[in-house]
Student: 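Sharing a structure, written as structure tokens. Questions coming.
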Number of protein chains: 2
Amino acid sequence: MGAGGNATSSESLRGRVKASPYERLRDAILSGEFEPGAPLVETALADILQVSRTPVREALSKLEYDGLVSRERRGLVVRQRTADEILDIYQTRIVLESAVVRHAAERRTANDLLLLRGLLARWDSVDLSDRSAMREANQAFHEALWRAGHNVCLSDLLSRLALQVHRFPPTTLGEPGRWAEAGAEHAQIVDAVERRDGDEAARITSQHFEESMAIRLRLMATP
Amino acid sequence: MGAGGNATSSESLRGRVKASPYERLRDAILSGEFEPGAPLVETALADILQVSRTPVREALSKLEYDGLVSRERRGLVVRQRTADEILDIYQTRIVLESAVVRHAAERRTANDLLLLRGLLARWDSVDLSDRSAMREANQAFHEALWRAGHNVCLSDLLSRLALQVHRFPPTTLGEPGRWAEAGAEHAQIVDAVERRDGDEAARITSQHFEESMAIRLRLMATP
DNA sequence: TCGTGTTCTCTTGTATACAACGCAAGGAGG
DNA sequence: CCTCCTTGCGTTGTATACAAGAGAACACGA
């Protein structure tokens, strides 16, 4: 189809040039360009991405491992998470995030702390009308925390888990007042990590994500 | 099997018929048929497995995600874990296993308990000279524990993590006296789960895996 | 003898062709 | 009118052909 009139999703998918099929498809799913439950036909995606089926298959296979697409009786579809699964994912994430800050409190270097303080300082200057900037700032902070834990296995697991709750709504930080509250909690976590107080850091982290989970559940209940 | 004379690894790889390339390669790596660091050339594996490169590539891609193979500058090799990485994996596993039994204590059904008791009862009748039977019994018990936690996300993560420490030695349960000790700890865990005492179950589980980690580190230090 | 440039081979990445399978629609028989 | 079978199409799974890149070996010159 020359002019490419109808396909709503082809626009931004065509746009990104240097990214791999995996990254492009992943971003398309995470951004909601593909609705949950939408069928993913290899030949169609190959057409849109302007590559052959082979790299598309590879990308889909990775996305299946990421838990972003699932295999139906026939073909793959964008994975639809149930409320129960979201709950499971959050509970798992709470466990892992708490563990990682406990490690961070024990193992953090001066550099880790510097980086965390830097990200914390930028928190209040983020434009609250720009959701993607908010998401990015939050992501950067938590990634810095993961790195400060100095456990590659833990941070790998967390980066994969984090993918699965980036789906709609992309963040729970849009709730009124939540941004500032989250910033305060982050500061408390960094303080505890600086004091090498693992228990306290883990406690606050738990609370922080419990709150986030509660907001998401509320959002899911009232769409 | 006709000509396949030299290849030491082709024997059991050719043997299994119905298994997918992924399963066959995974088992070959886990069983140590492929040495850590050994190069995995697609065409060679395709030859051995009697399939084309396409399914082999797919299998290797999954194995890379499992962390069992890693990508060098040129091609893939069986992943060699450093002592630090093993430590990271164990620490992560301790966190997750503790969390799962805490959940199990809260959510276990009567059926879960029945299954666990059944596996526990079989523990002492396992042939201690049969390493693979030991590994299987242990695996079955822990999988039952994962299921009793009723958190799909947690059990998925754990089943993948468990893959990564199945490498040599396949189990730490071969140490003198460790089998009985582990059985006793398992029984304590199940008791705590039955009493719905999550804290105690988590505590014992932590200890259990700390011990396992200590044995493995000792084994790694003196090969 | 050592360093460097070039070629050559081996391996991966990509595209395409073919086979097998499942699903759906349509027709025939009860 | 309903049910069951058959046929056709769409999609995935597999094989193979081709292109591009990285290393190694070799030859040539200093």
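To find a chain, count down the sequence lines: A is the first, B the second, and so on, and within it residues start at 1. Remember, it's a predicted structure, so these values are computed and weren't measured experimentally.
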Student: Starting at CG of A/N138, measure out to CZ of A/R135 and round the result to the nearest 0.5 Å.
Tutor: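 The CZ atom of A/R135 is 9.0 Å from CG of A/N138, to the nearest 0.5 Å.
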Student: Would you list the pairs meeting ring-ring contact (aromatic ring centres under 6.0 Å, His included) in which at least one residue belongs to residues 44-85 of chain B, sequence neighbours left out?
Tutor: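 The answer is A/Y65-B/Y65.
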Student: For nucleotides 9-16 of chain D, just jot down a letter per nucleotide in 5' to 3' order: B, S or -, based on protein non-hydrogen atoms under 4.0 Å.
Tutor: -BBBBBBB
Student: Is B/R79 salt-bridged to B/E85, cutoff N-O under 4.0 Å?
Tutor: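 Salt bridge flag = yes for B/E85 with B/R79.
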Student: When rounded to the nearest 0.5 angstrom, what is the spacing between CG in A/L76 and CG in A/L45?
Tutor: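 The CG atom of A/L76 sits 9.5 Å away from the CG atom of A/L45.
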Student: Is there a donor-acceptor contact under 3.5 Å linking the side chains of B/S206 and B/S98?
Tutor: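 Judged by distance alone, the side chains do pair up.
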